[in-house]
Amino acid sequence: MLIQINQIKSGICPEYRLISDGRFLSAKQFITHGNGRRLTVSQYNDPIYTLDYAWSKRIYSNIASIWGGKRCCVKVLNRHYEEIGLISKQNQGGLFGFAQYDFRFGERNYQTYAIERGKMGLSMVLYCNNNAVAMVCKPVVVTDMFDQYVATAANETDLMAAALFALYYDMLYHTNMSKYVINAKASTITYSGKHIMAYFDEGLWAKMQSELKSTGLSDLF
């Protein structure tokens, strides 16, 4: 199973389109009271998921994360605004270690690792019960500051978890609120260290390549 997450608007309130097997969802970021951010995922203008992030806690949580503490949490809410999940970041290995993202989504608990693979872009692998169950990939080339992500998984729950994690990651690390560009391409080539590279899963990567080829998207990577 494959889902595309395409940014279609940049600026203060970025917007996204999610496409999977001919079905469409939309997502949009908002600035909330207290210098926070909120992202809603909607179907036919009806919110079905919300990511709620309070920036006011970020300074304290960033300091805590250096020493292995939990970094600022993002709540996952359902259509009734009930909490059904939580995403937090924890540093592994001290000051020069790597990040592990703990993601509770319904009854599933994921550990996620963001792996920079040079010209192959960014890959984020979701583990559950010590098994790699989903992968999100972001191409290294970004056009007009519109980020793209592709996720693969074997079932709809893990696929939606991967899509929500991609939106979370984009909201925290790739939002360009004050910038607009036209006909511009940018790329940043970065490699992760060997410890986190060990979490990359070749089986999921091969699965994604096969699915991309069958949908005519093989030129993304």
| Closest contact, heavy atoms only, S10 versus F146 | N-CE2, 3.6 Å

| request: Tell me whether F24 is reachable from L18 by hopping between hydrophobic residues (I, L, V, M, F, W, Y) whose side-chain heavy atoms are closer than 4.5 Å. | output: no

| message | I need the minimum non-hydrogen distance between A162 and V136, along with the two atoms involved. | response | O-CG2, 3.4 Å

| query | Are L172 and K89 close enough, and set up right, to give a side chain to side chain contact (heavy atoms under 4.5 Å, CB included), and what steps lead you there? | reply | CA-CA 11 Å; L172 263 66; K89 180 181 179 181; over 6 Å; no

| Reported CE-to-NZ distance for the pair M124 and K138, which is rounded to 0.5 angstrom | 8.5 Å

| F200, I196: one ILVMFWY side-chain cluster at the under-4.5 Å cut-off? | yes

| query | When rounded to the nearest 0.5 angstrom, what is the spacing between CD in E116 and CD1 in I189? | reply | 11.0 Å

| said: Under a plain distance cut-off of 3.5 Å, with no hydrogens placed, do Y127 and D201 share a side-chain donor-acceptor pair? | reply: no

| Do F103 and Y101 make the cut of ring centroids closer than 6.0 angstrom? | no

| note | The single option from Q29, Q7, Q148 that satisfies side chain to side chain donor-acceptor pair (under 3.5 Å) with Y16 is Q29

| query | Do M120 and V140 pass the side chain to side chain contact (heavy atoms under 4.5 Å, CB included) test, and can you show the C-alpha distance, the side-chain angles, and the key distance before you say yes or no? | reply | CA-CA 6 Å; M120 301 307 293; V140 70; over 6 Å; no

| query | Are side-chain heavy atoms of E83 and R104 found at a separation under 4.5 Å? | reply | yes

| Between CD1 of I5 and CG of D170, what distance do you get to the nearest 0.5 Å? | 9.5 Å

| request: Describe, in one word, how the ring planes of Y199 and Y113 are oriented to each other, choosing from parallel (under 30°), tilted (30 to 60°) and perpendicular (over 60°). | output: parallel

| said: Is it the case that atom CG in D46 sees more than 12 heavy atoms from other parts of the structure closer than 6.0 Å? | reply: yes

| To the nearest 0.5 Å, what is the distance between CG (D158) and CG (L126)? | 7.5 Å

| query | Does a side-chain heavy-atom distance below 4.5 Å link V76 with L51? | reply | yes

| request: Drop me the distance from S42's OG to K28's NZ, to the nearest 0.5 angstrom. | output: 10.0 Å

| message | Whether the side chain of S210 engages the backbone of K207 through a donor-acceptor N/O pair (distance < 3.5 Å, no angle test) should be reported. | response | no

| said: Contact between F98 and S192 at the side-chain level, heavy atoms closer than 4.5 Å - yes or no? | reply: no

| said: I want to check something: taking the side chain as every heavy atom from C-beta on, are Y53 and I87 in contact at a cut-off of under 4.5 Å? | reply: no

| query | Does T157 offer a backbone N or O that forms a donor-acceptor pair with the side chain of N155 under 3.5 Å? | reply | yes

| query | Is it true that F165 and I84 fall in one hydrophobic cluster, defined by side-chain heavy atoms closer than 4.5 Å? | reply | yes

| message | Is any side-chain heavy atom of Y49 closer than 4.5 Å to one of M160? | response | yes

| task | Flag the pair P14 / R37 as yes when at least one side-chain heavy-atom distance between them is below 4.5 Å, and no otherwise. | result | yes

| message | What I'd like to find out is whether the side chain of S26 reaches to under 4.5 Å of the side chain of E15, using heavy atoms alone. | response | no

| task | Say whether, by atom type as modelled, one donor and one acceptor occur between the side chain of T152 and the main chain of M1 under 3.5 angstrom. | result | yes

| Approximate separation, where rounding is to 0.5 Å, of Y169 OH and D147 CG | 11.0 Å

| task | Please examine the side chains of I48 and L25, heavy atoms only from C-beta on, and report whether any two atoms are closer than 4.5 Å. | result | yes

| task | Determine, using the 4.5 Å side-chain heavy-atom cutoff (strictly less than), whether Y168 and Y81 are members of one ILVMFWY cluster. | result | no

| field | Derivation and outcome, side chain to side chain contact (heavy atoms under 4.5 Å, CB included), residues I31 and I12 | value | CA-CA 8 Å; I31 297 176; I12 295 176; 3.4 Å; yes

| said: L77 vs E82, test: side chain to side chain contact (heavy atoms under 4.5 Å, CB included). Steps then yes/no. | reply: CA-CA 5 Å; L77 312 176; E82 301 165 332; over 6 Å; no

| request: Decide whether Q4 and Y149 meet the rule of one side-chain donor and one side-chain acceptor closer than 3.5 Å. | output: no

| said: Which heavy atom of C128 sits nearest to which heavy atom of N109, and what is that distance? | reply: SG-O, 3.5 Å

| Is it the case that more than 12 heavy atoms not belonging to E156 sit under 6.0 Å from its CD atom? | no

| task | Report yes or no: do I19 and L212 belong to one cluster of Ile/Leu/Val/Met/Phe/Trp/Tyr joined by side chain heavy-atom distances under 4.5 Å? | result | no

